[in-house]
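One structure below.
Positions are given from 1, in the same order as the sequence printed here. Counting starts at 1 for both ligands and their atoms, following the listed order. Atom set for the values below is all heavy atoms of this structure, side chains included, hydrogens, waters and symmetry mates excluded.
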Amino acid sequence: MKSMDKIVSLCKRRGFLFQSSEIYGGVQGFWDYGPLGVELKRNLKEAWWQDMIRGHNDLVAPAGAPAPFEMVGLDCTIIMHPQVWKCSGHYDLFHDHMVDCRESKKRYRFDQVRGRWCERGDKKIFVSTLAEVEQELDEVRRRAMKFFKLRAKNADELTISDESLTLDQLDDTESVLAPDAKSLGTLTEPREFNLMFKTTLGALGGEDDTTFLRPETAQGIFVNFKNVLDSSRVKVPFGIGQIGKSFRNEITPRNFTFRSREFEQMEIEFFCPPDQSQAWYRYWRDRRMAWYTELGLSSESLIMREHEPAELAHYSVGTADIEYAFPFLPPGEYGELEGIAHRGDFDLRSHMEGKLNPDSPEGQPMQVELNEHGKPKYRGSGKDLSYRDEATNEKFVPHVVEPSAGADRGVLAFLCEAYTEDEAPDDKGNMQTRTVMKLHPRLAPIKAAVFPLVKKDGMPEVAQEIYGELKQHMNVFYDDKGAVGRRYRRQDEAGTPFCITVDGESLSDKTVTIRDRDSLEQTRVKIDELSFALIERLG
Ligand code: ATP
């Protein structure tokens, strides 16, 4: 039986994953990859880079676009200009403590709701309101009178404090009358919504020097759009990919590496003419789904969840999540591996003109968000990030389709999928339960292990020579300790697809056995042909 406990314990025991800073008691939401884990994660990232960017050669393109279309890469910094996060929307969205009202179902910024203590007899409540400062006292009085069911003639029974406080200045919210509620204590505990880690540039550290660790890699791509166009002569439609660390100060990191505070993303921003965006959205959704199944995730454990039209931003023609049935979820539930979003021209236009208002009236181009003085809330770069099609001479701001995958969630899904318990004969031929990680050969941390059957009769020398030769082509492991059956088991747990054994016959006829991890079949091949045979089998 597959269980999260067994998978977590194998990961620790075999060196896939360790809790960060474990000797100091660990730090929540941070994970280190051990010797096997680092190979697995690198292999996953390299498979993505190879299939999506460097080796991309898909001869099928939708919407009559030329094929293969261009895919190029970038590697941007983690710390960027603070304005990037203002125009992207992260500064507002990820900022501040929020409280939810259980009664009105409304959400408020904890530091924006103001109010005063109101007393009648021995009852003291905190009446809050979103009213402007000038109207605050009147509004508090009106609501307090209503709450205590007081008539105007009894108004002097009510005492209202002179001091106006915000919710974050209170010890608790139990006696708070929320801005749109009729009963007390309906607010949830405040939740940190600033998921961005703050940091300071330079030594002085004033407010203007505050910046953030990126919460996604995508913004580096948007702000470099023009640089890529000008330097590499790519033509829309084309895509830019990036793999890199992202940071989110998650409130509740949990489920092993699934929700971490430091994680890696593999993101593509695909730029296309606006009238092709629907076709490209479908293309990427299907291509990304196929990628996971080709690398071994079973289609029964994988779903594509299209967001309901009501969940979509109105500028978006679609968003779909690729989700996996992680064993830590109840049956029938799935966790997000990757999101494929159609983002319209929101990002490029925001970086050009200033943050666009996603709540702009439907059916109209989005407007720049304004502050209380009617000026743009955040100024954009002012740079022209539009594209001129040389063939038609048409100028437009490209639309974007964004397949955004998590490398750590990917690794976790492949680990969960790979974990298998089956039966295999031990050294004496008795069937025993074995734990085997059935990782796709492209992902397996070790591709082959080389064993001398015994540590004598010249076998170690031959095995060492084979090991040295194979090391030039792939990650191999040498093991001469213990019974050969035990060595096989150790490699099964590491997910090694092939074990090569040098035995007595090897010395006379220059052959070795290759044992297949999944079928347990052993075949003899000539030592001369071994590298080739393995490379062929690894695919
Ligand atoms: P969730 O809803 O699970 O928080 P999200 O929708 O916020 O995820 P995106 O912003 O779409 O995630 O990020 C794209 C991908 O980055 C996700 O599909 C996921 O694989 C990965 N990712 C996001 N947040 C985390 C995290 N805290 N830990 C690990 N991976 C993450």
Task: ligand 1 versus Leu337: contacting region, heavy-atom distance under 4.0 Å - done: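 It is the backbone that gets close, since no side chain atom is under 4.0 Å.
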- [ ] Indicate, as side chain, backbone, both or neither, the part of Arg409 found under 4.0 angstrom from ligand 1 when only non-hydrogen atoms are considered.
- [x]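 The part of Arg409 near ligand 1 is the side chain, not the backbone.
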Just to confirm my output: which protein heavy-atom neighbour is closest to [atom], and how far is it?
atom                    : answer
atom 29 (C) of ligand 1 : Phe258 O, 3.1 Å
atom 4 (O) of ligand 1  : Arg259 NH1, 2.8 Å
atom 22 (N) of ligand 1 : Phe263 CE1, 3.5 Å
atom 11 (O) of ligand 1 : Glu336 OE2, 3.4 Å
atom 21 (C) of ligand 1 : Gly406 CA, 3.8 Å

TODO: Mark yes or no: Arg288 above the aromatic ring of Trp284, with NZ or CZ under 6.0 Å from the six-membered ring centre and no more than 45 degrees from the axis.
DONE: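 Negative - Arg288 is either too far from the ring of Trp284 or too far off its axis.
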Open item on the list: On the six-membered ring of Tyr378, is Lys355 placed so that its NZ or CZ lies under 6.0 angstrom from the centre and within 45° of the ring axis?
Closed with: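 Lys355 over Tyr378 ring: no.
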Subset of ligand 1 atoms that lie under 4.0 Å from at least one heavy atom of [X]:
X      : answer
Ser404 : 13 (O), 14 (C), 15 (C), 18 (O)
Ser260 : 26 (C), 27 (N), 28 (N), 29 (C)
Glu338 : 18 (O)

May I ask you to say whether [X] pairs ionically with [Y], meaning some side-chain N is under 4.0 Å from a carboxylate O?
X      : Y      : result
Lys6   : Glu421 : yes
Lys377 : Asp92  : yes
Asp100 : Lys106 : no

Open item on the list: Given Glu262, Gln265, Arg248, identify the one with the heavy atom nearest to atom 10 (O) of ligand 1.
Closed with: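 Considering heavy atoms of Glu262, Gln265, Arg248, the nearest to atom 10 (O) of ligand 1 sits in Arg248.
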Open item on the list: Going by salt bridge (charged side-chain N to carboxylate O under 4.0 Å, His left out), Lys245 matches just one of Glu262, Glu216, Glu264. Which one?
Closed with: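 The option that passes is Glu262.
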Open item on the list: Looking only at the aromatic ring of each residue, does the gap between the centers of Phe238 and Phe271 stay below 6.0 angstrom?
Closed with: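 Centroid separation for Phe271 and Phe238: below 6.0 Å.
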Open item on the list: In this structure, is the centre-to-centre distance between the rings of Phe328 and Phe258 below 6.0 Å?
Closed with: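 So the answer is yes for these two rings.
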Open item on the list: Contact between ligand 1 and Glu216 is defined here as a heavy atom of the residue under 4.0 Å from a ligand atom; is it met?
Closed with: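 In this structure, Glu216 fails to qualify as a contact of ligand 1 - no heavy atom is under 4.0 Å.
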